[in-house]
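The block underneath contains the structure these notes are about, expressed in structure tokens.
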Amino acid sequence: MIQMDEYMKRKIKGKKYIGAGGTRVVYDLGNGYVLKIAKSKKGIICNQMEVNLYKSSLKPIKKYLAQIIDYDAAYRWVTMKKYDRKFPNSPIYRRELKKIVKKFLGNGIIPSNGVGQYHNPHTPNLRLKRNNQVVVIDYGGFKYDHK
């Protein structure tokens, strides 16, 4: 378990706890952003993947990734735009997700199982933007295809 320093404690004080996955804890900062805090070394790796993927992706890919606003140089935390609209697990949106997964794969990015299995997606990792475009809010488990 990663120890939280005073800076992090001040940053989350009074903030709404949204939830936790296996490697990270998420807080609503109340200003349209969320804070993802690593719970372990694996959480740091997930944060690092999100930052690297977001920073290195071109616009046709980046538009499907939740926007990263700020991050810790050691990847202990990441501040990301908050997307509230739930992903409708319907045939129309699963087809849309299938197209997005193909775009990721075509750009050497392997989505995590929860996103890559578009026929039965793990919907907590997905949201909709205001324009109804699908956005991935948890891409820490993605990998690069090193061919």
Side-chain angles (χ1 to χ4, degrees), residues 1-2 4 8 11-72 74-147:
M1 187 77 168
I2 293 178
M4 234 190 276
M8 288 306 304
K11 205 165 168 108
I12 63 169
K13 185 175 177 161
K15 304 301 181 201
K16 183 181 173 206
Y17 169 84
I18 293 177
T23 63
R24 300 181 289 178
V25 180
V26 184
Y27 290 89
D28 185 341
L29 296 178
N31 58 359
Y33 300 102
V34 297
L35 181 70
K36 294 182 175 183
I37 302 172
K39 298 193 296 187
S40 63
K41 284 184 179 171
K42 192 166 182 194
I44 286 174
I45 291 167
C46 288
N47 283 346
Q48 185 176 14
M49 180 62 190
E50 286 186 342
V51 168
N52 291 342
L53 184 57
Y54 188 78
K55 285 174 65 178
S56 68
S57 291
L58 298 174
K59 201 171 186 177
I61 294 295
K62 191 180 273 191
K63 69 181 181 180
Y64 299 113
L65 302 173
Q67 184 182 10
I68 293 178
I69 305 303
D70 195 11
Y71 60 93
D72 173 54
Y75 304 105
R76 292 173 303 169
W77 56 266
V78 172
T79 304
M80 196 177 262
K81 184 174 165 110
K82 184 178 182 200
Y83 301 88
D84 287 316
R85 296 185 60 212
K86 302 254 187 266
F87 176 84
N89 196 356
S90 68
I92 292 168
Y93 281 99
R94 284 194 300 273
R95 276 195 299 277
E96 188 61 30
L97 182 58
K98 181 179 181 178
K99 291 179 197 170
I100 295 166
V101 167
K102 286 183 175 185
K103 278 186 186 179
F104 284 140
L105 293 170
N107 283 274
I109 300 163
I110 304 168
S112 58
N113 283 342
V115 174
Q117 294 171 326
Y118 46 81
H119 53 279
N120 186 23
H122 184 63
T123 57
N125 291 353
L126 303 165
R127 293 287 186 278
L128 294 182
K129 291 183 176 180
R130 285 198 178 107
N131 64 1
N132 290 331
Q133 181 181 301
V134 176
V135 63
V136 182
I137 61 167
D138 182 352
Y139 46 97
F142 283 28
K143 301 207 178 332
Y144 289 110
D145 186 7
H146 300 290
K147 288 183 179 175

List the steps, then state whether side-chain contact (heavy atoms from CB on, under 4.5 Å) holds for K103 with I61. CA-CA 7 Å; K103 278 186 186 179; I61 294 295; 4.2 Å; yes
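- Contact check for Y144 versus S56: side-chain heavy atoms found under the 4.5 Å cut-off.
- A distance of 5.0 Å separates CZ in R24 from CG in D138, rounded to the nearest 0.5 Å.
- Taking 4.5 Å as the limit, every side-chain heavy atom of I45 sits out of range of all side-chain heavy atoms of S40.
- A side chain to side chain donor-acceptor pair (under 3.5 Å) with Y71 holds for exactly one of K55, Q48, E50; it is K55.
- A donor-acceptor pair is defined here as one N or O able to donate and one able to accept, closer than 3.5 Å; no such pair exists between the side chain of Y75 and the backbone of M49.
- The two residues I137 and P124 have their closest heavy-atom pair at CD1-O, 3.3 Å.
- Checking side-chain atoms of R76 against main-chain N and O of I44 turns up no donor-acceptor pair under 3.5 Å.
- The side-chain contact (heavy atoms from CB on, under 4.5 Å) with K36 is formed by just one residue from the set T23, T79, N47; it is N47.
- When side chains are defined from C-beta on, Y83 does not count as touching R85, because their heavy atoms never get closer than 4.5 Å.
- Closest heavy-atom contact between P121 and F87: CG-CE2, 3.9 Å.
- Closest approach of G43 and A38 over heavy atoms only: C-CB, 3.5 Å.
- The closest donor-acceptor contact from the side chain of Y27 to the backbone of G14 lies at 3.5 Å or more, if one exists at all.
- Using modelled atom types, one side-chain atom of K129 and one backbone atom of K63 make a donor-acceptor pair closer than 3.5 Å.
- The 12-atom threshold is exceeded at NZ of K62, counting heavy atoms of other residues, nucleotides or ligands nearer than 6.0 Å.
- Atom CH2 of W77 sits about 4.0 Å away from atom CG of D70, to the nearest 0.5 Å.
- Although no hydrogens or angles enter the test, the distance criterion places a donor-acceptor pair under 3.5 Å between the side chain of K39 and the main chain of G21.
- Side-chain contact between Q133 and Y64 is present, with at least one heavy-atom pair separated by less than 4.5 Å.
- The backbone N or O of I109 sits nowhere less than 3.5 Å from a side-chain atom of N107 that would complete a donor-acceptor pair.
- By the 4.5 Å heavy-atom criterion applied to side chains, Y54 and M80 are not counted as neighbours.
- Residues L128 and Y93 are in side-chain contact: their nearest non-hydrogen atoms beyond the backbone lie under 4.5 Å apart.
- When each of L126, T123, L97 is checked for a side-chain contact (heavy atoms from CB on, under 4.5 Å) with N89, only T123 meets the rule.
- Side-chain contact between F104 and L53 is absent, with no heavy atoms from C-beta onward closer than 4.5 Å.
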Trace of the side-chain contact (heavy atoms from CB on, under 4.5 Å) decision for Y33 with K81: CA-CA 4 Å; Y33 300 102; K81 184 174 165 110; 4.2 Å; yes
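- Taking the side chain as every heavy atom from C-beta outward, V115 and F142 approach each other to under 4.5 Å.
- Distance check, rounded to the nearest 0.5 Å: CG of L35 to CG of D28 gives 10.5 Å.
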